Asker: 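Okay, handing you the structure first.
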2 protein chains.
Amino acid sequence: MNIGEIARLAGVSRSTVSYALSGKRPISPETRARIQAVIDELDYQPSAAARALSSGRTRTLGLVFPPAGSHYTDMQLDFIGSLVEAAAGFGYDVLLAAAAAAAGDGRQGLRRLVAERRVDGAVLMEIRLDDARVDHLAAAGFPFVTIGRVGAPERTRWVDLDYTALVGSCVSHLAQLGHRRIALVNRSERLFRAGYESAHRSLTGFQDACAEHGVIGTAHLCGDDAASGEDAIDRILAADPGTTALVTVNEAALGGLYRGLAAHGRRIPRDFSVAGIAAGRWAAAVTPQLTAADVPAVEMGRVAVELLLELLATPDAPPRHFLLNPPVSLRASTGPAPAPADVAG
Amino acid sequence: MNIGEIARLAGVSRSTVSYALSGKRPISPETRARIQAVIDELDYQPSAAARALSSGRTRTLGLVFPPAGSHYTDMQLDFIGSLVEAAAGFGYDVLLAAAAAAAGDGRQGLRRLVAERRVDGAVLMEIRLDDARVDHLAAAGFPFVTIGRVGAPERTRWVDLDYTALVGSCVSHLAQLGHRRIALVNRSERLFRAGYESAHRSLTGFQDACAEHGVIGTAHLCGDDAASGEDAIDRILAADPGTTALVTVNEAALGGLYRGLAAHGRRIPRDFSVAGIAAGRWAAAVTPQLTAADVPAVEMGRVAVELLLELLATPDAPPRHFLLNPPVSLRASTGPAPAPADVAG
DNA sequence: CGATCAAATCGAACCGGTTCGACTGCGGGT
DNA sequence: ACCCGCAGTCGAACCGGTTCGATTTGATCG
């Protein structure tokens, strides 16, 4: 069951077996065949721990997983699934690090994975503009990539959605349909305060696009759940009853947004248009189907793994980035702005 | 950075450091303090690989993750999140195994994790009544627990929802509201054929409950996406236009179900009632909010970890099981059966 | 025909922990 | 005064791989 056993049965030394498996030194075809036969018969697999100890590489990647009880978006799920698959394609496994539920957790998940040398590299999601985890890994010289990016992104590897541009595209789409008073439904105040990059970049993109198209835009923070979505609609219509469209980057609140609009008698898309950023499969599952920039989550996961493995292979190569800008898919939730008379005051 | 370095700086032998850390032999308080001081100063963490190699235990659990591109339910996500958290609470990490995307994959994910001794135990979800993975692990004597159970569940450890009883509760709820013709929207034909246990037990529970309450029940398979949901409604109303309620165990299709009912002019809950089994947070996010048995996913993840660690600690203890039967939460999608005249033929 | 070199293989050291057996003092029982 | 046992510590072996240097053999070249 260990390499010595294989060597004995094949009548060679342990090192010969090792070289036959790794190919790092030439082995004669006959010897190689004999070794392979023994391995096949015994269904031998080298111990990952022994291999990691001697080679110094674990063939494992770390991934920080958002804590349970928080709302997972379809986007995040697809990231994780595609990360695992892409990593498996390269012979790597993925180890999950619990995001510190309590802030001052001490033996924080990711930190421990790194200190115990359980992983060769790490993938971080849910990035903040000023992120302690990123600073820590960068300071330690530990290989990592991020899904999302930090404030000063030139020095790190990442793949990100261009939230600024995507929200801009949504605003542009709505403006072209004639909407003149548009709201933004952003992420929660807590996340915004914490510096979540997508929330901040969404706001910037919204403000810029509204200015560019000469529309009146009001931005609203909104918790990640249905009830907060209903509440957000109340606030939006109270602040400006003439609002006829909104852009949402908050997948989790959408059900509440729809419900809130229905409660105020605004039919979608006849009286009110909704556009957003969401996983395509999910946008097609809600009623009405959401006009949205479809997040290519699977591609993002794959790219993240490729970037990380590239970093592991050639640590000195200059950092690469991918800023994705998927097009807005037209579905059933947006339509022409209602004539002013149609809008109840 | 290694244990020898710590030993040298503390002026003791390597074994003494090891015993100080593990507590497996008495160490004088002074020596212990001296060692701890050095460890704290250097921020030393023992190498996981070395520890695993010599101790034979990795302090890692394996989890088979459903492939990307399939639809993840909120339930599954919450399982995973709570598994990671519960495991972290016991000092264990979670390693994801890609479920073999192609069936004859060869070096299948979980199998490799076990053969390479990367994990101490495994958690399996998406269980089939006759599951090759379960058979393989059981034959190999490898510790595992399942979320969901196999056909002959007495010999394994698992935590499961009592789908039979839950679907029965939904039927009972609808019957009490006066519905007499009820449909079941089950999982996809592919999954049913593959022997997914929840799909089979749901069907049994549905048939039994319908017989018990004297209602006419028709069961329908339905793919895991919105379009299939719409299609299912077409089939249900074509098969029996007098149907006034349905029970769904297919979270992913619900959006399509709602849309299909709307397309047929059936308003919820006035003309048609919908009950189901779903993650509570999700059931509250859709419109109308779904009357459903709320899956205690977080609890299930925690229980799975506890069962597995119990198995690792005492391999000979008799298997324990948890069959959960959460109550049906009343929400907005069910109501009294319409008077027969109200139902359009 | 001897020097040179590459292919093929072996033995030993090493990675960084854990654990077992042995050794040293020292206090208690008789 | 002597033996026993235990607290406390050390040295060495071991876990199962990888990798380096050395050795043997056979082919190539001048």
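Here is how names work: the chains are called A, B, and so on, in the same order as the sequence lines, proteins then strands, and each is numbered from 1. What you see is a predicted model; the values in this text were computed from it and never measured.
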Asker: Does a side-chain N or O of B:Thr31 approach OP1 or OP2 of D:dG8 to a distance below 4.0 Å, or not?
Answerer: no
Asker: Is there a donor-acceptor pair closer than 3.5 Å between any side-chain N or O of B:Thr31 and the backbone N or O of B:Ile27?
Answerer: no
Asker: Counting only non-hydrogen atoms, which of residues 48-62 of chain B are less than 4.0 Å from DNA chain D?
Answerer: B:Leu53, B:Ser54
Asker: I'd like the 5' and 3' limits of the part of DNA chain C contacted by chain B, with heavy-atom contacts below 4.0 Å.
Answerer: C:dG16 to C:dA22
Asker: Among residues 32-44 of chain B, which residues get a heavy atom nearer than 4.0 Å to DNA chain D?
Answerer: none
Asker: Determine all donor-acceptor pairs shorter than 3.5 Å in which one atom belongs to a side chain in residues 118-133 of chain A; sequence neighbours excluded.
Answerer:
{"from": "A:Arg118", "atom 1": "NE", "to": "A:Glu116", "atom 2": "OE1", "distance (Å)": "2.8"}
{"from": "A:Arg118", "atom 1": "NE", "to": "B:Asp93", "atom 2": "OD2", "distance (Å)": "3.2"}
{"from": "A:Arg118", "atom 1": "NH1", "to": "B:Thr58", "atom 2": "O", "distance (Å)": "3.3"}
{"from": "A:Arg118", "atom 1": "NH1", "to": "B:Thr60", "atom 2": "OG1", "distance (Å)": "2.8"}
{"from": "A:Arg118", "atom 1": "NH2", "to": "B:Thr58", "atom 2": "O", "distance (Å)": "3.2"}
{"from": "A:Asp120", "atom 1": "OD1", "to": "A:Thr58", "atom 2": "N", "distance (Å)": "2.8"}
{"from": "A:Asp120", "atom 1": "OD1", "to": "A:Thr58", "atom 2": "OG1", "distance (Å)": "2.9"}
{"from": "A:Asp120", "atom 1": "OD2", "to": "A:Thr58", "atom 2": "N", "distance (Å)": "3.2"}
{"from": "A:Asp120", "atom 1": "OD2", "to": "A:Arg59", "atom 2": "N", "distance (Å)": "2.8"}
{"from": "A:Glu126", "atom 1": "OE2", "to": "A:Gln76", "atom 2": "NE2", "distance (Å)": "2.5"}
{"from": "A:Asp131", "atom 1": "OD1", "to": "A:Arg133", "atom 2": "N", "distance (Å)": "3.0"}
{"from": "A:Asp131", "atom 1": "OD1", "to": "A:Arg133", "atom 2": "NE", "distance (Å)": "3.0"}
{"from": "A:Asp131", "atom 1": "OD2", "to": "A:Arg128", "atom 2": "N", "distance (Å)": "2.9"}
{"from": "A:Asp131", "atom 1": "OD2", "to": "A:Arg133", "atom 2": "NH2", "distance (Å)": "3.0"}
{"from": "A:Arg133", "atom 1": "NH2", "to": "A:Met125", "atom 2": "O", "distance (Å)": "3.3"}
{"from": "A:Arg133", "atom 1": "NH2", "to": "A:Glu126", "atom 2": "O", "distance (Å)": "3.1"}

Asker: Starting at the 5' end of DNA chain D, which residue's closest nucleotide do you reach first, B:Arg14 or A:Asn2?
Answerer: B:Arg14
Asker: Excluding sequence neighbours, so at least two apart, what forms side chain to side chain contact (heavy atoms under 4.5 Å, CB included) with A:Arg149?
Answerer: A:Pro153, A:Trp158, A:Asp160, A:Glu197, A:Arg201, A:Leu323
Asker: Note down the inter-axis angle between the two ends of the helix from C:dC1-D:dG30 to C:dT30-D:dA1, five pairs each, to the nearest 10°.
Answerer: 40°
Asker: Under 4.0 Å, heavy atom to any atom of DNA chain D: which of residues 3-12 of chain B qualify?
Answerer: B:Gly11, B:Val12
Asker: Return the set of residues passing side chain to side chain contact (heavy atoms under 4.5 Å, CB included) with A:Val114 (not counting sequence neighbours), or none when no residue passes.
Answerer: A:Leu110, A:Leu137, A:Phe142
Asker: Apply side chain to side chain contact (heavy atoms under 4.5 Å, CB included) to the pair B:Tyr44 and B:Leu21, showing each step before the final yes or no.
Answerer: CA-CA 11 Å; B:Tyr44 163 77; B:Leu21 283 172; 4.1 Å; yes
Asker: Could you tell me which residues satisfy side chain to side chain contact (heavy atoms under 4.5 Å, CB included) with B:Ser54, sequence neighbours excluded, listed by chain and number?
Answerer: none
Asker: For the backbone of A:Ala10 and the side chain of A:Arg34, can you confirm whether one donor and one acceptor N or O come within less than 3.5 Å of each other?
Answerer: yes
Asker: Could you check how far CD of B:Glu30 sits from P of D:dG8, rounded to whole Å?
Answerer: 8 Å
Asker: Enumerate the salt bridge (Lys or Arg N to Asp or Glu O under 4.0 Å) contacts for residues 13-31 of chain A, please, sequence neighbours excluded, ordered by first and then second residue.
Answerer: none
Asker: What parts of residues 19-26 of chain B reach DNA chain C, counting only heavy atoms under 4.0 Å away?
Answerer: B:Tyr19, B:Lys24, B:Arg25
Asker: So which pairs with a foot in residues 313-322 of chain B pass side-chain hydrogen bond (donor to acceptor under 3.5 Å, both in side chains), sequence neighbours left out?
Answerer: B:Glu310-B:Arg320
Asker: Heavy atoms under 4.0 Å, any strand shown: does A:Ser15 hit a base, just sugar-phosphate, or nothing?
Answerer: base
Asker: Contact class for A:Ser18 vs. all strands (heavy atom < 4.0 Å): base, sugar-phosphate, or nothing?
Answerer: base
